Q: 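Following this message is one structure expressed as C-alpha cells.
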Amino acid sequence: VGRYALVITLLLAMVVGLGVPIASADASSRAAYSSAVTQICSGALLFEGSHAIGTRTGALAVAQDIRASTRRRLRRVDALSVPRGLEGLVERWTTLERRLANVYAESWVAIFDVIAATRTPAQRARAPRLLRRLVRAPDQLRLAAARIELTLRVPDCTGGATAPADPRSS
C-alpha cells in the first residue's frame with residue numbers, strides 16, 4: 001500500500017504541475033546568469049593596456065595582457081552563481097575561453113616573430129602562409145566557444161571575436 005501511495009502522490013504532483021515553478025525558476029536564473037555574464041563580457045577588449053609595438057618585448061607584454069584581461073573577466077564570471085544543470089556547460093565554456101586567450105597570446109608573439117624574421121625573398125614568399133596559419137589558429141576553439149555562447153546566451157569574453165562567430169555556418 002505504501003508504494004502505491006507514493007506513486008499516486010507523484011502522479012498527482014505531475015498532473016497538478018508542482019514541477020512548473022522549478023522550471024520557471026530555472027528559466028529566470030538562466031536569464032539572470034546570461035545577463036550578468038553579458039554585463040561582464042560585452043565589449044571585451046583583447047587586451048586593455050597600451051603597449052609599445054614593433055619590439056618583441058612589446059609583443060610579449062601584449063600577450064601577457066591578453067591573458068590577464070581574460071583572466072580578470074573570467075574570475076568575475078566564476079564568482080557568479082551558475083544555474084542548476086548548466087555547471088558542466090559553463091565549465092566547458094570558461095575552459096575554452098582561457099584556452100582561446102592563450103592561443104591569441106601565443107599567436108600575437110608568433111606573428112611578430114614571423115614578421116621580424118622575414119628578410120630574404122624566400123622568407124617573404126613563405127610569410128603569408130605562416131601568418132595565415134597563425135591568424136586562423138584560434139578558429140576551431142572560437143567556433144566551439146561560439147556554440148556554447150549561443151546556448152548560454154552570453155558573448156565572447158576574450159575580446160578576440162571581432163564579430164559573433166556563427167557556429168551554424170560550419
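Every heavy atom of this structure was used, including side-chain atoms; hydrogens, water molecules and symmetry mates were not. This structure is a prediction, so every number in the text was calculated from the model and none was measured.
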Q: Does Arg67 offer a backbone N or O that forms a donor-acceptor pair with the side chain of Thr70 under 3.5 Å?
A: no
Q: Are Leu45 and Val62 in one and the same hydrophobic cluster, where Ile, Leu, Val, Met, Phe, Trp and Tyr link if side-chain heavy atoms are under 4.5 Å apart?
A: no
Q: Is there side-chain contact between Tyr104 and Arg142, with at least one heavy-atom pair below 4.5 Å?
A: yes
Q: Closest approach of Thr38 and Ser34, non-hydrogen atoms and distance?
A: OG1-O, 2.7 Å
Q: What do the steps show when you test Asp78 against Arg98 for salt bridge (charged side-chain N to carboxylate O under 4.0 Å, His left out), and what is the final call?
A: CA-CA 12 Å; Asp78 289 341; Arg98 286 179 178 89; 2.5 Å; yes
Q: Would a hydrophobic clustering, with Ile, Leu, Val, Met, Phe, Trp and Tyr connected at side-chain separations under 4.5 Å, put Phe112 with Ile66?
A: no
Q: Could you state whether Leu143 and Leu96 fall into the same hydrophobic cluster, counting links through intermediate Ile, Leu, Val, Met, Phe, Trp or Tyr residues with side-chain heavy atoms under 4.5 angstrom apart?
A: no
Q: Which heavy atom in Pro155 sits nearest to a heavy atom in Cys41, and how many Å separate them?
A: CG-CB, 3.8 Å
Q: Under a 4.0 Å threshold between the charged nitrogen and the carboxylate oxygen, would Glu97 count as salt-bridged to Arg92?
A: no
Q: Within the 4.5 Å heavy-atom criterion, are Glu149 and Leu152 side-chain neighbours or not?
A: no
Q: Are Leu89 and Leu150 grouped together when hydrophobic residues (ILVMFWY) are joined by side-chain heavy atoms under 4.5 angstrom apart?
A: no
Q: Does the Ser107 side chain pair with the main chain of Val103, one donor and one acceptor, at a distance under 3.5 Å?
A: yes
Q: Quick check for you: to the nearest 0.5 Å, what is the distance between Arg132 atom CZ and Leu130 atom CG?
A: 9.5 Å
Q: Answer yes or no: is there a donor N or O on one side and an acceptor on the other, between the side chain of Asp65 and the main chain of Phe47, under 3.5 Å?
A: no
Q: Looking at side-chain heavy atoms only, is the closest gap between Leu80 and Ile40 below 4.5 Å?
A: yes
Q: Check this for me, if you would: do Asp139 and Arg133 make a salt bridge, where the nitrogen-to-carboxylate-oxygen distance has to be below 4.0 angstrom?
A: no
Q: Are side-chain heavy atoms of Arg30 and Arg153 found at a separation under 4.5 Å?
A: no
Q: Hey, what do you get for CZ (Arg76) to SG (Cys157), rounding to the nearest 0.5 Å?
A: 8.5 Å
Q: State, to 0.1 Å, how close Pro128 and Ala125 come at their nearest heavy-atom pair, and which atoms those are.
A: CD-O, 3.5 Å
Q: Would you check if the side chain of Gln123 reaches a backbone N or O of Thr120 as a donor-acceptor pair within less than 3.5 Å?
A: yes
Q: Answer yes or no: are there more than 12 heavy-atom neighbours, outside Gln140 itself, under 6.0 Å from its atom CD?
A: no
Q: Hydrophobic clusters here meaning ILVMFWY residues chained together by side-chain heavy-atom distances under 4.5 Å, can you tell me if Val90 and Ile148 are in one?
A: yes
Q: Please determine whether side-chain contact (heavy atoms from CB on, under 4.5 Å) holds for the pair Tyr33 and Val77, giving the CA-CA distance in whole Å, both sets of side-chain angles, and the decisive distance to 0.1 Å.
A: CA-CA 9 Å; Tyr33 180 79; Val77 169; 3.7 Å; yes
Q: Counting only N and O atoms by type, is there a donor-acceptor contact under 3.5 Å from the side chain of Glu87 to the main-chain atoms of Gly85?
A: yes
Q: How long is the straight-line distance from CG of Leu100 back to CH2 of Trp93, given to the nearest 0.5 Å?
A: 10.5 Å
Q: Is there a donor-acceptor contact under 3.5 Å from the side chain of Arg124 to the main chain of Arg119?
A: yes
Q: Looking only at atom types and distance, does a side-chain atom of Arg73 sit under 3.5 Å from a main-chain N or O of Thr158, one as donor and one as acceptor?
A: yes
Q: As an exercise, state the distance from CD of Glu106 to CG of Asp113, rounded to the nearest 0.5 Å.
A: 12.0 Å
Q: What are the two closest non-hydrogen atoms of Ala127 and Thr118, and how far apart are they?
A: CB-OG1, 3.9 Å
Q: Please assess Leu86 against Thr151 for the test side-chain contact (heavy atoms from CB on, under 4.5 Å), listing each intermediate value before the final yes or no.
A: CA-CA 10 Å; Leu86 292 182; Thr151 301; 5.8 Å; no
